[in-house]
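Whatever order the structure lists them in is the order used to number ligands and atoms, beginning at 1.
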Amino acid sequence: MTTDAYMPRPEHHFTFGLWTVGNPGRDPFGDPVRPVLLPNVIVEKLGALGAYGVNFHDNDLVPRDATAAERDRLVREFKTALANSGMRVPMATTNLFGDPVFRDGAFTSNDGTVRRYALQKTMRAMDLGAEFGAEVYVFWGGREGVETNAAKDAREAMKWFRDALNFLCEYNIAQGYNFKLAIEPKPNEPRGDIFLPTIGHALALIYTLDHPDLVGLNPEVAHDTISGLDFTHGVAQAMEAGKLFHIDLNAQKPGRYDQDHRFGSEDVKQSFFLVKLLEDSGYAGMKHFDSHAYRTEDEAGVWDFAAGSMRSYLIFKEKVAAFHADPEIGQLLSALAERGAAPGARIGFTRDSQTIKDEQFDLPALRARGYAYERLDQLTMEILLGVR
Ligand code: DIG
Ligand code: MN
Ligand code: MN
């Protein structure tokens, strides 16, 4: 096994969902290609690779049809595996997308009985997550959407979504779970169009909730990339609003279905700037790889995928350090800081309005002056290409 500067350790806070390395390689056009990996095996292998923790949907750990006795056994065995490996469960979530009962959504189904069942299932899944000490609870509304707008009025769907989140915030408070609830946006797939498709849509809804302080974001690389957006901008807005509660890392080619590829394996430059944002900001949350190995892989390939995900993040982290240490990049950024780009350069009306009203501007000079971004980006690319 490789032993170098890119060896992941628990303090890096790398996590994987049971469903990620446990993905059997099924796709809409093909059967599973890999045997099912049991949770205990996943915990042991990920712990040995240097991961910090593992996450689950309720039914990743306890099948829908499990008896109470089976549930207790599965929970007991998983707790033993976690204790033996030192692995944690930082995040939990609910599968509100697999059961056909959710074919028209869970929180936003037109069927009120389904909406109530979704709340019951989520409450029970929150109980399970709390039993393992999870601190973040994710809401990915994979089935919350439509194929035809004839089905429902999106205004009503927003009201149902808000009702569900308000209800579950109250449950979180009543139970004393102290979860940070994190909405995960996605624009489409499996529904034709999914409600709350972007970070912006989710932030807007959060501020209409009864307890907006309890609710934040779990953004995913692939989901914003599918939308053609710059993922780091959405993460930065969530982060600046104090709403980056968790993050799903993976890789994605634009204009395709949700590929959930190994982190860093597609857009190297975007991956670099995402790691730069997380590292520069001192993000202390979990770095969750919500991704899976190629369908071509056997079990050995699955662990190559997991190790590569974490290794690539650490390589990008070293490139970020090289960027900050580069003297010419430093000079270019200092020049921008002198022009007013330094962090904390604010403007306030009371203090500044009269000064600005009276200020004399040398517009010809302002119009003529460039910003040297070509050189700055070239230097960045040369670091990424390994020649600087
Ligand atoms: C898909 O991106 C979703 C599901 O995998 C899960 O509910 C959530 C948590 O990471 N991401
Ligand atoms: Mn995805
Ligand atoms: Mn995800």
May I have the N/O to N/O pairs between ligand 1 and the protein that fall below 3.5 Å, each with atom names and distance to one decimal?
from     : atom 1 : to   : atom 2 : distance (Å)
ligand 1 : 2 (O)  : E184 : OE2    : 2.8
ligand 1 : 2 (O)  : E220 : OE1    : 2.8
ligand 1 : 2 (O)  : H223 : NE2    : 3.4
ligand 1 : 2 (O)  : D290 : OD2    : 2.9
ligand 1 : 5 (O)  : W19  : NE1    : 3.1
ligand 1 : 5 (O)  : D290 : OD2    : 3.3
ligand 1 : 7 (O)  : H57  : NE2    : 2.9
ligand 1 : 10 (O) : E184 : OE1    : 3.4
ligand 1 : 10 (O) : D248 : OD1    : 3.3
ligand 1 : 10 (O) : D248 : OD2    : 2.7
ligand 1 : 10 (O) : D290 : OD2    : 3.4
ligand 1 : 11 (N) : E184 : OE1    : 2.7
ligand 1 : 11 (N) : E184 : OE2    : 3.0
ligand 1 : 11 (N) : D248 : OD2    : 3.3
ligand 1 : 11 (N) : D290 : OD2    : 2.9

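Side chain to side chain, D224 and H233 fail the donor-acceptor criterion of an N or O pair below 3.5 Å. In the model, D260 has a side-chain atom that pairs as donor or acceptor with a side-chain atom of N250 under 3.5 Å. When only modelled atom types and interatomic distance are considered, R262 and S312 share no side-chain donor-acceptor pair under 3.5 Å. In summary, the side chains of E382 and Q378 do present a donor paired with an acceptor at a separation below 3.5 Å, with no hydrogens or angles considered. Under 3.5 Å, the side chains of N95 and D60 contain no donor-acceptor pair of N or O atoms. Defined by atom type and a distance below 3.5 Å, a donor-acceptor pair is missing between the side-chain atoms of E220 and H288.
Excluding water, every protein N/O/S atom under 2.8 Å from the Mn ion (ligand 3) is given here by residue and atom: E184 OE2, E220 OE1, D248 OD2, D290 OD2.
A salt bridge links R191 to D104: one of the charged nitrogens lies within less than 4.0 Å of a carboxylate oxygen.
Note that K79 lies in the cation-pi zone of F132, set by a 6.0 Å cut-off to the ring centre and a 45° limit from the axis. For K180 and F245, the positive end sits near the middle of the six-membered ring, less than 6.0 Å away and at most 45° from its axis.
The closest approach of D258 to the Mn ion (ligand 2), by N/O/S atoms, is made by OD2.
In this structure, F139 and F107 have tilted ring planes: the angle between them lies in the 30° to 60° band.
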